[in-house]
Amino acid sequence: MADIILSIKNLKKYFEPHQSFAQSIIGGGQKKLIKAVDDISFDIRRGEIFGLIGESGSGKTTTGKLVMKLIEPTSGQMIFNGEDVTRLDKEKLKEYRRKVQMIFQDPYASMNPRFKIKDVLEEPLIIHKVKATIEERTKMIVKALEEVKLTPAEEYMGRWPHMLSGGQRQRVATARTLILNPLMLVADEPVSMIDLSTRAEILYMMKEVQKELGLTYLYITHDLSTARYFTDRIAVMYLGRIVEIGRADDIIDNPLHPYTQALIEAVPEPESGKVNIIKELPIYGEIPSPANIPRGCRFHTRCPYATDACKTEPEPELMLDGEEHYHACRRAYEIKAERSAKAAG
Amino acid sequence: MNSLLKVENLEMYYFTSKGAVRAIDNISFELMPGETIGLVGESGCGKTSLGTSILRMPTPPGRYVGGKIFVDGLDVIPLPEKEVRKNIRWQKISMVFQGAMNCLTPVYTIGHQMMETLNEHADMSRADADSLIKEYLGYVGLPPEIMGRYPHELSGGMKQRAVIATALFLKPEIVILDEPTTALDVIVQAQIINLLKKLKKQFNLSFMFITHDLALEAEVSDRICVMYAGKIVEFGTNEQIYGRQGPAHPYTERLLAATPRLFKKVEKLHFIPGTPPDLIAPPKGCRFSPRCNKAFGRCFEEEPPLIEIEPGHMAACWLHHRG
Amino acid sequence: MTFGDIKYRLNEFWSEFRKERSGLIGLGILIIALLIVIFEPLILPWKDVNTKWRSIDYWQDNSANAPPAWTNAFTKLKAPVTMRLEDAKKEETELDGGIKLVTYTFDYHYTADKAPLDVILHITGHGDIPFQVAIERPDGETIDLAQRFEQGLSGQDIRLSIDNDGREAAFTFVKNYESQEALEQFSGKSLRTADVLFNIAQPGMAKEFKPLKGTYKLIAKAMLLDPENSSVEEPYIVVTGSVSGILGTDDSKRDLFSGLIAGLKWALLIGFLTSAISVLIGVMYGIISAYFGGAVDSVMQFVYQIVNSMPVLPVLIVISAIFKPNIYMLILVMVLFFWTGSVMTVRSMALQIKEETYIEAAKALGAKKSRIIFKHMVPILIPYSFASMALSVPSAIVYESSVSLLGLGDATIVTWGQILHDAMQGAAILKGIWWWILPPGLLIAIMGMTFAFLGFSMDKILHPKLKTR
Ligand SMILES: Nc1ncnc2c1ncn2[C@@H]1O[C@H](COP(=O)(O)OP(=O)(O)O)[C@@H](O)[C@H]1O
Ligand SMILES: Nc1ncnc2c1ncn2[C@@H]1O[C@H](COP(=O)(O)OP(=O)(O)O)[C@@H](O)[C@H]1O
Ligand SMILES: [Mg+2]
Ligand SMILES: [Mg+2]
């Protein structure tokens, strides 16, 4: 068995819809729970980059926040490093926060605009009372900046976030997470706000750091195109559920769930000869609201292959295909056959 | 065939307190009827500036410094604003602004905001405007009820569709699309691209499609215009840029290498270190030279002209100057 | 934040602020006001105004309701200006029997068209001393005005008013020129001493005043009967004119300019303290309400609504009437109401900041609530609240004035509101004593405006909402 660092079991997060104070007293109005994360289970192995992929609204950020323990799960269990971390007291939580760190989507927004880079990086040290003297702290800050290739570090320390480019800011954000020597990083769309030319640069840097320090990443993105290079395994999430999970190569080369297939087909490829072709997307419409999850298979409203069974039968659980490739589509093989027939003829 | 739009030696600078930002620096090209030109480059290279300049509304403190913009053979730069509003903007050229879907006012309904744009550019009775809006909502695949909705009630894709509908109201010939899908998910992006292709055929439109994503450009644009630091560095057909032989300019080449590929297993992603230069004082010689790994002596001294390296394919790089 | 950071922020702020004309005007006035407060001791014509504002003795040498001295510029008959003569020529002569005579001679240049109201000698002495006052007129006449024998002096102030003490002598002097019948028309009582002393000596002088202009010598003599054990010092003479000072006097003879200058620091103190404390409370209240949300927020908003809907002035008046508070109590009571001013803005901004990613990032790093509030939220909100602080200064000044206007202010200090109140009491408007009403009213308005200007300009710069519009 592989060494599991984080194990998530039947995790759910239901949000209460917003209500005014008066409403909540009177209790009027039917409450429809927002099922942002609706029973997900997966394991992340030590030292791997685990990708969580899906459209916006599919519950990726909520999952990330659950893992970060920024929000409390409605139900389910989280085991980190062999320890149940589902509910933690203040002490334990602080300890956990040292081990699990987060990189946010918008590197600019994730830093207080009134903090200099030095202050940004010093904050975790102060919070966790890591080093007493300023000299020691400065040494650690310099080291962290060098780790993310922001050199000379002294020059960057005195700057304000707005004086840096998007890529540099995301490097600082990464440095901030590294300074406490965490075990795991949650990166929520770390490059989606960054120019394409710099995107690769950041991912490259993050991967180097990961290899060097033996870190584990939970990498959240809606864009599959960076996933093959960056991740080891991928979980595809749709409307609060994981619909497919497996090795990155398997998922991309042999997608079994029609939603994964749609995600793949939608990615533009820089090749000529497609200008006047309307792309056939094996998906309809837009993602429904998590307050109104369709019955049966939750994807059936958008699935071109859905049958009556998909609408009426209970939602399929994850099924194993091959070595470690799971999917949640009861028609996976029929669809595969249909698609290859179509491609051939 | 006569061009719909002809830009000649256009120069547009932002006159800021720190100096003139040379955002558009001597740019020339032509847009043919029914054609899509893709405008690519990193952010800060002047793509949006070129778009707003063509629409004859450079953002202050931007001013035209030189050059001409012919729309149907008529230079629009000297025209009075009133004339432009009556006959050019939205009538002949319209624009989907960068981030427009996020700039919808939260306190007004979508219908109200569409109506406002319509009133600004055309005299029309309320009833006529109303039915026109509904008609165009239909074209972009939105139900008429959307008119009564507020922006926060709609998804990003729906808002972008509404913005696109607004750009089409007065039957323009040219639509400038500034990063219309940048903030959207891949699936919604693909849906919007399909919609744009459909609309283009239906209304016989020409597009200027602005994006920083070369992969996306490959799917929509007949010809690609690569901008760097306020200048065109390469201009070629879809085949010339994306085909087997590959692009001519090192900048395009490196942009393409930095574009992630889904089906190509790569060991190391490529990227272009550094950022585009400050356009107040751009580097001497070729503006890309400080970041270019193929640059040699001449590149740092002299600015390369944009020359035709094969029929229909232009590049501004000393590597393509023989002798 | 280090000093360098603060300097950077201030520079940034200043580069924006300097474009705001009204803000610069406000800043200019504020700086002038602060300079006045700092140099108050040098500026005050009446040095002890702060402690002696309500002392009748202190002001008794002035004339009541005297218009400002500069009004002379607009009248045909020039009135004498109240002035204090301090430079005396001192002479000491030994007399027989070990007695020492000390003579002080003051020069008074009289140029007005009307007579002064009084001439008053002040002197302090020790022991048993006979005093004598005389005047030597430009026409060579010398009149011995009054004498008095003071015994057992131990440093108290001796005051000799010629109007009172010199009436006899004046009457005698007039007799030299006027016929008996002319004199009979007046009783000695109705004659004002100064009208005689500064009149041209000729028949008809009892009826008509013709100024004898020139230099008068006012001579004060003190006899030290026992020079070992007695002494005199610090003599000065006040010539009480009918116009006085920069801004005149009120009906209690108080110098209004001194009062207003002394009131400036209180106006600033009331404004600053009230607004600073209430804004600080308001900011904390708003942040806590926003940050904790939920039930805490609901309760806090409820309290806020109640306080906010209470009318300040009536409550302030009732409290002042019951407790006769001092100024700090008054400020405290105002703070109790004023803190609500910034709560809503701060709360809504804090709600926004709370959702910022960097707050979430700090939480993810393990930051405690107190760190998030004090390190991340307060520093961002404090600058914005400077604006609302500046905006609440005027109302604090006006409220104190209103309370004072009802006679309920702090009785140990001078405030503009109290001066205005006294003016109302003294029916200044009816009597046309404009110099009593206009200056304090204008000053209150100007101070209010100054801070309003500052506040609006800061608001424009610091408040992102206004900036984008
Ligand atoms: N605090 C919240 N209260 C109510 N609904 C929420 C909250 N956070 C997220 N949601 C909803 O949960 C769904 C999933 O959101 P999110 O996890 O942000 O998805 P993703 O990151 O995949 O875009 C969305 O429909 C969102 O509106
Ligand atoms: N309103 C403006 N004032 C001053 N400079 C501007 C303004 N708009 C854009 N610029 C500058 O002009 C250059 C080109 O910007 P832009 O056209 O927005 O590029 P792109 O759309 O390719 O990202 C940039 O250097 C940018 O900083
Ligand atoms: Mg998200
Ligand atoms: Mg742009």
Side-chain angles (χ1 to χ4, degrees), chain A residues 53-58 149 165-168 191-205 207-208 221-230 248-249 252-253 259 262-281 283-287 289 302, chain B residues 36 40-44 141 155-158 183-191 193-195 197-198 200-201 211-222 237-244 254-276:
Chain A
I53 290 168
E55 282 169 285
S56 32
S58 54
K149 308 282 174 315
S165 71
Q168 288 170 331
V191 292
S192 70
M193 309 270 284
I194 294 176
D195 232 60
L196 245 160
S197 56
T198 329
R199 212 173 265 192
E201 186 178 358
I202 293 298
L203 288 178
Y204 172 73
M205 180 271 296
K207 193 152 186 161
E208 290 296 301
T221 179
H222 69 263
D223 179 12
L224 260 173
S225 56
T226 54
R228 160 153 315 182
Y229 158 73
F230 195 63
D249 289 343
I252 291 166
D253 293 335
Y259 181 62
L263 280 177
I264 290 171
E265 305 257 311
V267 175
E269 283 282 302
E271 270 144 21
S272 62
K274 292 187 285 192
V275 173
N276 293 312
I277 299 163
I278 293 213
K279 213 180 214 175
E280 249 186 73
L281 287 172
I283 190 165
Y284 305 133
E286 296 193 10
I287 190 165
S289 155
R302 301 178 72 192
Chain B
T36 300
V40 281
E42 288 164 281
S43 40
S155 70
M158 289 158 112
L184 301 172
D185 279 0
V186 268
I187 290 180
V188 182
Q189 165 172 295
Q191 289 168 336
I193 297 297
N194 278 348
L195 170 73
K197 286 181 179 175
K198 188 197 91 181
K200 185 181 161 190
K201 213 174 255 167
T211 175
H212 65 268
D213 186 353
L214 264 176
L216 189 61
E217 209 69 278
E219 294 197 348
V220 288
S221 301
D222 302 298
T237 63
N238 193 293
E239 172 64 29
Q240 283 162 346
I241 303 287
Y242 299 102
R244 192 164 294 265
R254 309 245 336 247
L255 268 187
L256 202 54
T259 308
R261 311 291 293 261
L262 187 53
F263 293 107
K264 254 194 206 155
K265 182 100 182 150
V266 285
E267 265 323 302
K268 184 180 179 299
L269 280 184
H270 293 272
F271 54 87
I272 318 175
T275 46

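Bear in mind that the values here come from a model prediction, so they are computed numbers and not experimental data. In the text below, chain A, chain B and the rest are named by the order of the sequence lines, each starting its count at 1.
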Okay, B/T275 and chain A: the region with an atom under 4.5 Å from a heavy atom over there is side chain
Atom of A/P270, atom of B/T259 and distance for their closest heavy-atom approach: CG-CG2, 4.2 Å
Are any side-chain N or O atoms of A/K279 and backbone N or O atoms of B/N194, one a donor and one an acceptor, separated by less than 3.5 Å? no
Before giving the answer on side chain to side chain contact (heavy atoms under 4.5 Å, CB included), spell out for B/Q189 and A/H222 the whole-Å C-alpha distance, their side-chain angles and the decisive distance to 0.1 Å. CA-CA 11 Å; B/Q189 165 172 295; A/H222 69 263; over 6 Å; no
Can you tell me which of A/I264, A/L224, A/D253, A/I287 forms the most heavy-atom pairs within a distance under 4.5 Å of chain B? A/I264
May I ask you to test the B/I187-A/Y259 pair for a side-chain heavy-atom distance under 4.5 Å? yes
Interchain contact, B/V220 with chain A, by part (heavy-atom threshold 4.5 Å): backbone
Tell me the closest heavy-atom pair linking B/D213 and A/P268, and the distance in Å. OD2-CG, 4.4 Å
Does any heavy atom of chain B fall under 4.5 Å from the side chain of A/L203, the backbone, both, or neither of them? side chain
Toward chain A, the part of B/L255 with a non-hydrogen atom under 4.5 Å: side chain
In chain order, what residues pass the ring-ring contact (aromatic ring centres under 6.0 Å, His included) check against B/F271, with sequence neighbours excluded? A/Y204
Return the option, out of A/E271, A/E269, A/E286, A/K274, with the maximum number of heavy-atom pairs under 4.5 Å with chain B. A/E269
Which bit of B/L184 comes within less than 4.5 Å of chain A, counting heavy atoms only: side chain, backbone, both or neither? backbone
Please test B/L214 against A/L196 for side chain to side chain contact (heavy atoms under 4.5 Å, CB included), starting from the C-alpha separation and ending with a verdict. CA-CA 9 Å; B/L214 264 176; A/L196 245 160; over 6 Å; no
Cut-off 4.5 Å, heavy atoms of chain A, and the answer for B/L256 is side chain
With sequence neighbours left out, what residues match B/Y242 under ring-ring contact (aromatic ring centres under 6.0 Å, His included)? none
Give, as side chain, backbone, both or neither, the part of B/E239 having an atom under 4.5 angstrom from any heavy atom of chain A. both
The reported gap from CG in A/L281 to CD in B/Q191 (rounded to nearest 0.5 angstrom) is 6.0 Å
Looking at B/L262, B/I272, B/L216, which has the largest count of heavy-atom pairs under 4.5 Å with chain A? B/L262
Smallest heavy-atom separation, B/N238 atom then A/G273 atom, equals OD1-N, 3.7 Å
Okay, A/S197 and chain B: the region with an atom under 4.5 Å from a heavy atom over there is both
Note: vs chain B, highest number of non-hydrogen pairs under 4.5 angstrom among A/N276, A/I202, A/D223, A/L263 is A/L263
